[in-house]
Visitor: 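Structure below; questions to follow.
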Amino acid sequence: MTTSSVTLDTFVGSLTVTCGVSAVVGLEWATPAEAVGPPAAPDPAGIATVPPRNGTDPTEPSADSPTDFDNPLLNEAVTQLRAYFDGRLGDFDLPVDFGQVSDVARTVLTTLAERVPAGTTVTYGELAEASGTGIPARAVGGIMGLNPIPIIVPCHRVVAGDGLGGYSGGLPGHELETKRRLLEFEDALLRPLF
């Protein structure tokens, strides 16, 4: 499968989104050493675009179109990610491909993407029940850790019955801080009173 990627700087770190021709196949946090090219100046939304990685020399976006990449789906993914981090978009409308996950994991991730909108959370147990798979809440936590497309498929919105639960997204050592920041950004988590 031919894929192309681009890295965006956001308030939760640099994110690399990867698309095939027909679906988004990945979104991951890029460490500074993995970012391609020199960092770009952030736009007013606090997002900068780093040239795409596609196995060839990176190509700079044209001056008149910050998402002028060869892959139309990558253009749309970047547009929607920018809108999300600018606060203009809550939920994504992009085709996704979860790759080589089990049918149960695919069902749980699809249920999450379709039924848990921005500004809300769901517990691991509630998502297990909503998925109709018959798996226990603990298994949902494991599936969230397998999610190859976090934020777009919003595993940060899945919480424990007694707190945040876990999170595998974000830069190493900042995973739960990243989850908290995303939930606060979406107004899905009450900020502490003191």
Side-chain angles (χ1 to χ4, degrees), residues 1-10 12-30 34 36 45 47-56 58-59 61-62 65-122 127-128 130-133 135 140 142-158 167-170 178-179 182-183 185-186 188:
M1 169 187 346
T2 302
T3 62
S4 51
S5 300
V6 67
T7 299
L8 306 170
D9 289 329
T10 73
V12 293
S14 294
L15 300 173
T16 300
V17 61
T18 303
C19 295
V21 174
S22 61
V24 177
V25 298
L27 190 139
E28 62 187 3
W29 275 260
E34 294 172 330
V36 177
I47 301 170
T49 304
V50 176
R53 294 187 291 180
N54 58 12
T56 61
T59 304
S62 67
S65 177
T67 56
D68 188 19
F69 306 120
D70 290 336
N71 181 331
L73 181 57
L74 184 60
N75 286 331
E76 183 60 24
V78 169
T79 297
Q80 289 191 33
L81 283 163
R82 285 183 173 154
Y84 172 81
F85 283 104
D86 191 30
R88 296 178 288 115
L89 178 72
D91 298 302
F92 294 86
D93 184 19
L94 295 165
V96 296
D97 181 346
F98 296 116
Q100 305 254 338
V101 300
S102 70
D103 289 342
V104 169
R106 186 176 318 281
T107 298
V108 170
L109 290 168
T110 300
T111 301
L112 169 64
E114 293 175 351
R115 296 192 189 174
V116 185
T120 66
T121 59
V122 63
L127 183 56
S131 73
T133 58
I135 62 171
V140 169
I143 290 169
M144 294 303 101
L146 298 174
N147 180 5
I149 314 166
I151 299 177
I152 293 172
V153 177
C155 53
H156 62 279
R157 296 179 190 154
V158 184
Y167 194 61
S168 58
T178 299
K179 183 174 188 173
L182 288 167
L183 291 172
F185 177 69
E186 294 180 357

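Both backbone and side-chain heavy atoms feed into the values below; hydrogens, waters and symmetry mates do not. None of these values were measured; they are calculated from a predicted model.
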Visitor: With Ala77, which residues qualify under side chain to side chain contact (heavy atoms under 4.5 Å, CB included), at least two apart?
Guide: Val17, Cys19, Val24, Leu94
Visitor: For Phe98, check ring-ring contact (aromatic ring centres under 6.0 Å, His included) against everything at least two apart and list the hits.
Guide: none
Visitor: Could you check whether any side-chain N or O of Arg106 sits under 3.5 Å from a backbone N or O of Gly99, counting only pairs where one atom can act as donor and the other as acceptor?
Guide: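 Pair found, side chain donor or acceptor close to backbone of Gly99.
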Visitor: If I take atom CD from residue Glu76 and atom CG from residue Asn71, how far apart are they, to the nearest 0.5 angstrom?
Guide: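 Reported value, rounded in 0.5 Å steps: 11.0 Å.
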Visitor: Less than 4.5 Å apart, any side-chain heavy atom of Glu186 and any of His156?
Guide: yes
Visitor: Report the C-alpha distance between Thr110 and Val153 in whole Å, list the side-chain angles of each, state the deciding distance to 0.1 Å, and finish with yes or no for side-chain contact (heavy atoms from CB on, under 4.5 Å).
Guide: CA-CA 8 Å; Thr110 300; Val153 177; over 6 Å; no
Visitor: Listed by chain and number, what are the side chain to side chain contact (heavy atoms under 4.5 Å, CB included) partners of Thr111, not counting sequence neighbours?
Guide: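 Side chain to side chain contact (heavy atoms under 4.5 Å, CB included) list for Thr111, sorted by chain: Thr107, Arg115, Leu127, Ala130, Ser131.
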Visitor: Can you tell me how far OG1 of Thr10 sits from OH of Tyr84, rounded to the nearest 0.5 angstrom?
Guide: 9.5 Å
Visitor: Not counting sequence neighbours, which residues clear side chain to side chain contact (heavy atoms under 4.5 Å, CB included) with Pro150? List them please.
Guide: Leu27, Trp29, Asn147, Cys155, Tyr167
Visitor: With heavy-atom distances below 4.5 Å as the criterion, would you say the side chains of Leu73 and Pro95 are in contact?
Guide: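 Yes - at least one pair of side-chain heavy atoms lies under 4.5 Å apart.
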Visitor: What's the spacing between Ser168 OG and Lys179 NZ if we round to 0.5 Å?
Guide: 9.5 Å
Visitor: Any non-hydrogen side-chain atom of Val140 less than 4.5 Å from a side-chain atom of Thr133?
Guide: no
Visitor: If you measure from CG on Leu109 to CD1 on Ile149, what distance do you get to the nearest 0.5 Å?
Guide: 8.5 Å
Visitor: May I have all residue pairs that pass salt bridge (Lys or Arg N to Asp or Glu O under 4.0 Å) and include part of residues 91-101, sequence neighbours excluded?
Guide: Asp91-Arg157
Visitor: Do Thr7 and Thr16 get their side chains close enough for a donor-acceptor pair, meaning under 3.5 Å?
Guide: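 Note: Thr7 and Thr16 side chains meet the donor-acceptor criterion.
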Visitor: Between CG of Leu183 and OG1 of Thr121, what distance do you get to the nearest 0.5 Å?
Guide: 7.0 Å
Visitor: Suppose we screen for side chain to side chain contact (heavy atoms under 4.5 Å, CB included). Which residues come up paired with Ala105, at least two apart in sequence or across chains?
Guide: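 Residues passing side chain to side chain contact (heavy atoms under 4.5 Å, CB included) with Ala105: Val101, Ser102, Ile143.
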Visitor: Got a second to check how far Phe85's CZ is from Gln80's CD, nearest 0.5 Å?
Guide: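 With rounding to 0.5 Å, CZ (Phe85) is 12.5 Å from CD (Gln80).
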